[in-house]
Structures are given as structure tokens and as C-alpha cells.
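Each remark here refers to the structure printed beneath this line.
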Amino acid sequence: MNPKIIELPKILDKRGNLSFFEYPQQLPFQIARTYWIYDVPGGEVRGSHAFKNQDEFIVALSGSFDVVLHDGENEIKYSLNRSYYGLYIPKMFWRRVENFSTNSLALVVSSTLYDVNDYIRNFEEFKRMKNAN
């Protein structure tokens with residue numbers, strides 16, 4: 001699979017809107033772990049790694065940030081700034097998250113539990129592994 005923006009359902013209500021995601025209607029994987037990134041100082045970058053087996057889905061619940069993905073040959077940037085869509089990132093895509101706005105909140109759900117051995121933290125190693133497939 002390739003990365004893609006997934007638009008989430010929006011339930012509009014004068015009292016406040018609601019969005020959600022479920023497997024398998026919006027997400028292509030069952031959720032094993034959820035975490036969030038917040039209070040990122042200006043100019044900082046998060047991520048800068050790939051996963052061997054983990055898929056992720058990232059939503060900007062508040063504020064905005066950019067997710068930059070690399071497939072071993074090409075790079076593409078996704079700007080997330082709405083809480084009713086998110087970015088699906090399949091395994092074996094290098095990712096970094098940058099350009100966080102003040103008070104941004106990134107929600108991340110993943111297909112696996114945390115496993116330090118699933119991380120690829122060296123970009124050259126990632127490119128070798130990706131291009132070997």
C-alpha cells in the first residue's frame with residue numbers, strides 16, 4: 001500500500017462537530033497502540049525513522065504540522081491542519097514530522113505495540129532495505 005490522506009466522517013452540529021475513525025471503514029489496520037505528540041518547541045523535528053512492520057495513521061487534532069515521507073527514492077510532504085482527515089503511512093516509509101504550529105497536537109495510532117527492534121533509525125540503512133525489496 002501507499003501513503004494516502006483519508007478523509008474522516010464529519011458530523012456537523014451547532015454545539016460542536018465530531019469526527020471519528022474505525023477499522024475497517026476508515027483505517028486499513030486494527031489499532032494496537034495510540035500516542036500523541038504535543039508541546040513541540042519551535043523548529044524541532046520528530047520522527048526521522050521508518051518501521052519494518054508498523055503502519056500508522058496521523059491526525060492533527062489541533063494546529064498544524066508537516067509529515068515528510070520518503071520511499072527510498074522520492075520525498076513527498078503532507079501538510080496536516082484539519083481534524084477531519086489524517087495521513088495513513090504504511091510500513092517501510094521514512095517519516096519526519098516538522099513545522100509544528102503553536103499548540104499543535106498530533107494523534108498517532110499504530111498497528112503494532114511498541115517494539116524498539118521495529119525501528120530503522122539510519123536513513124542509508126533504510127534505503128538499502130527498501131531498495132532490496
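Nothing fancy with the numbering, it's 1 onward along the sequence.
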Minimum heavy-atom distance [X]-[Y], with the two atoms named:
X      : Y     : result
Leu113 : Ala32 : CD2-O, 3.3 Å
Gln26  : Pro9  : NE2-CG, 3.5 Å
Ser101 : Gly63 : OG-CA, 3.3 Å
Phe21  : Val59 : CE2-CG2, 4.3 Å
Pro28  : Ile6  : CD-CD1, 4.3 Å
Leu80  : Ile58 : CD1-O, 3.6 Å

Heavy atoms from other residues, nucleotides or ligands near CD of Glu7 exceed 12 (cutoff 6.0 Å):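 Not more than 12 within 6.0 Å, no.
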OH (Tyr35) with more than 12 external heavy atoms under 6.0 Å: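 Yes - once you tally the heavy atoms of other residues, nucleotides and ligands closer than 6.0 Å, there are more than 12.
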Residue pairs fulfilling salt bridge (charged side-chain N to carboxylate O under 4.0 Å, His left out) with at least one residue in residues 12-24, sequence neighbours excluded: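 Sorted pair list: Asp13-Arg15.
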Can you measure from [atom1] ([X]) to [atom2] ([Y]) and round to the nearest 0.5 angstrom?
X     : Y      : atom1 : atom2 : result
Tyr84 : Leu12  : OH    : CG    : 10.0 Å
Asp55 : Leu27  : CG    : CG    : 10.0 Å
Ser48 : Ile120 : OG    : CD1   : 13.5 Å
Asn81 : Ser104 : CG    : OG    : 11.5 Å
Ile89 : Leu69  : CD1   : CG    : 5.0 Å
Arg82 : Leu8   : CZ    : CG    : 13.5 Å

If you define the side chain from C-beta out and look only at heavy atoms, does anything of [X] sit under 4.5 Å from [Y]?
X     : Y     : result
Asn17 : Ile11 : no
Leu61 : Trp36 : no
Ile37 : Val40 : yes

Path from [X] to [Y] over hydrophobic side-chain contacts below 4.5 Å:
X     : Y      : value
Val67 : Tyr119 : no
Val68 : Phe57  : no
Tyr88 : Leu107 : yes
Ile31 : Met1   : yes
Phe20 : Ile5   : no

Qualifying residue for side chain to side chain contact (heavy atoms under 4.5 Å, CB included) with Glu56, from Pro90, Ser110, Pro3: Ser110
Under 3.5 Å: donor-acceptor pair, side chain of Lys130, backbone of Met92: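 Yes.
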By ring pair (Phe, Tyr, Trp, His ring centres under 6.0 Å) - contacts of Phe65 (at least two apart):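 Partners of Phe65 by the ring pair (Phe, Tyr, Trp, His ring centres under 6.0 Å) criterion, ordered by chain and then number, come out as Phe100.
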Over-ring placement of Lys91 relative to Phe51, 6.0 Å and 45° cut-offs: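 Because its charged atom misses either the 6.0 Å distance or the 45° angle limit, Lys91 does not stack over Phe51.
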Aromatic Phe93 / basic Arg95 pairing, under 6.0 angstrom, 45° off normal: no
Chi angles and distances behind the side-chain contact (heavy atoms from CB on, under 4.5 Å) call for Lys52, Met129: CA-CA 9 Å; Lys52 298 172 195 168; Met129 291 175 72; 4.2 Å; yes
Carboxylate-amine/guanidinium contact Arg128 Glu125, below 4.0 Å: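 Salt bridge flag = no for Glu125 with Arg128.
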No-hydrogen, no-angle side-chain donor-acceptor test under 3.5 Å, Gln54 and Tyr114: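 There is no such pair (donor and acceptor under 3.5 Å, judged by atom type) between the side chains of Gln54 and Tyr114.
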Distance-only side-chain donor-acceptor flag, Tyr78 / Asp66, under 3.5 Å: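 No, Asp66 and Tyr78 have no side-chain donor paired with an acceptor closer than 3.5 Å.
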Worked verdict on His49 versus Phe123 for ring pair (Phe, Tyr, Trp, His ring centres under 6.0 Å): CA-CA 7 Å; His49 58 261; Phe123 185 65; over 10 Å; no
Plane angle bin for Trp94 and Phe126 - parallel if under 30°, tilted between 30 and 60°, otherwise perpendicular: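 Plane angle between 30° and 60°, so tilted.
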